[in-house]
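One-based numbering, in listed order, for ligands and for the atoms of each.
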Amino acid sequence: MKYQLAFLFLILFGAAYAQQKNKDFTPGTLWPDDKGVHINAHGGGLLYKGGIYYWFGEHKIAGGAGNRAMVGVHCYSSKDLYNWKDEGIALSVSEDPANDIAKGCILERPKVVYNAKTKKYVMWFHLELLGQGYKAARAGVATSNKVTGPYTFVKSYRPNAGFQPYYPPGTDKAEILDCAQPKNKSEGFFCRDVPGGQMARDMNVFIDDDGKAYHIFSAEENFTLDVAEMTDDYTGHTGKFSRVYAGHQTEAPAIFKRNGIYYMIGSGTTGWAPNPARWFTAKSIYGPWTYHGNPCVGKGAEITFGGQSTYVLPVTGKKNAFIFIADKWTPKDAIDGRYLWLPITFKGDDIEISWVDKWNLDVFNK
Ligand code: GAL
């Protein structure tokens, strides 16, 4: 009996220990999941639901082929953010080459949100149709009744066809465009795309305190970011959107809100190669957004420590706790891409991001 008890204790303790093995974030290193395999969720986003964090991202395969979607969107779950359980493929690419999400297409930066009205999980992503390079520039959407999936592909399109931008109060007159006379390249692209909808590449989805969802995406050949209102069920666009930092080529938008201020961190446009990050604030989600330069400081700041933003995670239950999440891409062997999770430091309402080799959530208690 004594031995049996000891054995039981060992098993229980061992299981608990196995699940708690990571106690820190070590940005840029291999990050094994519960099976010991490097997490495969690139360009990812997180969702907190029922006490659990879910991480969705691009499942990449080895080599250069991994830059295209050969498998789909991978999902992981975690209670502590350090240790992740493999929940499998949430959205699978289609074997039918005529399908919008055909195997070999480009399916990037998936973000999942929960819609309380429809009780559905809604996944948005940047989609490029098979064999067309980055020409299609579409937004794609899939839904599921279960957070981990399987998600069913709904549609893909270019948002806000036929609509002109919304100009929030305080917009600089110079920002107002007239498609009879576009003033520059980006306005020209905007006007060109009005009939068929705006291009939608690097993207994120942000849910505001009132439950309204916004889709933020690089439009106009990546010259401008659009902040677009989504329909109540989160599966479409309403036609109301503003243009942010027009003409300045911002990619990889990640949005969060603190003390009533909207923050956005993005990158420049240099493909897989890192460049300096940039941050913005606004009092209304539509803007006007103020540009503040690079939030990163210290060694490697000029290349965002080798990464490109993908998400900012507010840590549930902690005040002023926001994690900057970036991808360190490895396009020659896509599967080897690394994740840079770094704490955001606030100085008043200003932010800073510094490199840390190893850290944990205790930094937010200070
Ligand atoms: C990056 C973008 C990635 C991917 C890549 C392709 O700038 O953020 O999501 O599209 O370009 O070169």
Legend entry - Element-labelled atoms of ligand 1 that are located less than 4.0 Å from some non-hydrogen atom of E108: 3 (C), 4 (C), 9 (O), 10 (O)

Inset, instruction - Considering only NZ, NE, NH1 and NH2 on the basic side and carboxylate oxygens on the acidic side, decide whether K85 and D34 come within less than 4.0 Å. - result: no

Legend entry - Heavy-atom nearest neighbour in the protein, as seen from atom 6 (C) of ligand 1, with distance rounded to 0.1 Å: Y134 OH, 3.3 Å

Inset, instruction - Check whether any N or O atom of G271, backbone or side chain, sits under 3.5 Å from an N or O atom of ligand 1, and answer yes or no. - result: yes

Inset, instruction - Give yes if a backbone or side-chain nitrogen or oxygen of R109 is under 3.5 Å from a nitrogen or oxygen of ligand 1, and no if not. - result: yes

Inset, instruction - Write out the residue and atom name of the closest protein heavy atom to atom 7 (O) of ligand 1, then the distance separating them to 0.1 Å. - result: E251 OE1, 2.4 Å

Inset, instruction - Determine, using ring centers only, whether Y339 and H38 are less than 6.0 Å apart. - result: yes

Inset, instruction - State whether K60 and D333 are salt-bridged, where the test is any N-O pair (Lys NZ or Arg NE/NH1/NH2 against Asp/Glu carboxylate O) under 4.0 Å. - result: no

Inset, instruction - Output all residues satisfying side chain to side chain contact (heavy atoms under 4.5 Å, CB included) with E221, sequence neighbours left out; order by chain, then residue number. - result: F189, R192, M199, R201, F223

Legend entry - Ring geometry between W329 and W272 (parallel below 30°, tilted from 30 to 60°, perpendicular above 60°): perpendicular

Legend entry - Aromatic ring proximity, centroids under 6.0 angstrom, Y234 and Y114: no

Inset, instruction - Kindly confirm or rule out an N or O of Q308 lying under 3.5 angstrom from an N or O of ligand 1. - result: yes

Legend entry - D202, any N or O under 3.5 Å of ligand 1 N or O: yes

